[in-house]
Amino acid sequence: MNEWKKLTEMTEGKELKVLKVEEPESGIRIEGEFKLPPLARLSAEDQLFVAVFLKAHGSIKQMEKVFGISYPTVKNRLNKIVSKLDIVNIDVSIEEANDREGSRLSILEKLEKGEISMDDALKGLK
């Protein structure tokens, strides 16, 4: 664990090339240039935060309890971590969720103004 922490501190946010990978049990070695995966490039603190978040099944309430921080602080920390990960699907899914949310709000606004019936609103929300 101590080596992991030292390696994580050394690589934090920096570009790092791995030149050789070895699996000791089988003796298989692969040599070449490899980049660390995005999660491995996070700081030790951020990796711990992500691990706890996964262990808590994404429960922000659990994160508040474990770290003794507020809901907005958990959200801000997660947003910062996400911005460090260059995983394309995250941006797409966030945009899709925002579009769905905007669409739902639009339906509720139309219902409130009397532009659509309750039945139409329920159908649209499904």
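One is the number of the first residue; the rest follow in order along the sequence.
With values rounded to the nearest 0.5 angstrom, Ile116 atom CD1 is found 11.0 Å from Lys113 atom NZ. Taken to the nearest 0.5 Å, the NE2 atom of His57 stands 9.5 Å off from the CG atom of Leu54. Distance CD1/Ile81 to CD/Glu45: 9.5 Å, rounded to 0.5 Å. Atoms OG and CD, from Ser26 and Glu23 in turn, are 4.0 Å apart once rounded to the nearest 0.5 Å.
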List the atom pairs, with distances to 0.1 Å, where a side-chain N or O of residues 66-76 and a protein N or O form a donor-acceptor pair under 3.5 Å, not counting sequence neighbours.
{"residue": "Ser70", "atom": "OG", "partner": "Thr73", "partner atom": "N", "Å": "3.4"}
{"residue": "Ser70", "atom": "OG", "partner": "Thr73", "partner atom": "OG1", "Å": "2.9"}
{"residue": "Asn76", "atom": "ND2", "partner": "Pro72", "partner atom": "O", "Å": "3.2"}

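Between Arg77 and Asp46, at least one side-chain N (NZ, or NE/NH1/NH2) sits under 4.0 Å from a carboxylate O, which counts as a salt bridge. A salt bridge links Arg29 with Glu22; the closest basic N to acidic carboxylate O contact falls under 4.0 Å.
Looking at every heavy atom in both residues, Phe53 comes nearest to Leu78 through CE1-CD1, 3.7 Å.
Residues passing the side chain to side chain contact (heavy atoms under 4.5 Å, CB included) test with Gln62 are Ala56, Ser59, Lys65, sequence neighbours excluded.
At distances below 3.5 Å, not a single donor-acceptor pair connects side-chain atoms of Glu33 with backbone N or O atoms of Val18.
Two different hydrophobic clusters hold Ile30 and Leu19 under the rule that ILVMFWY side chains link at heavy-atom gaps under 4.5 Å.
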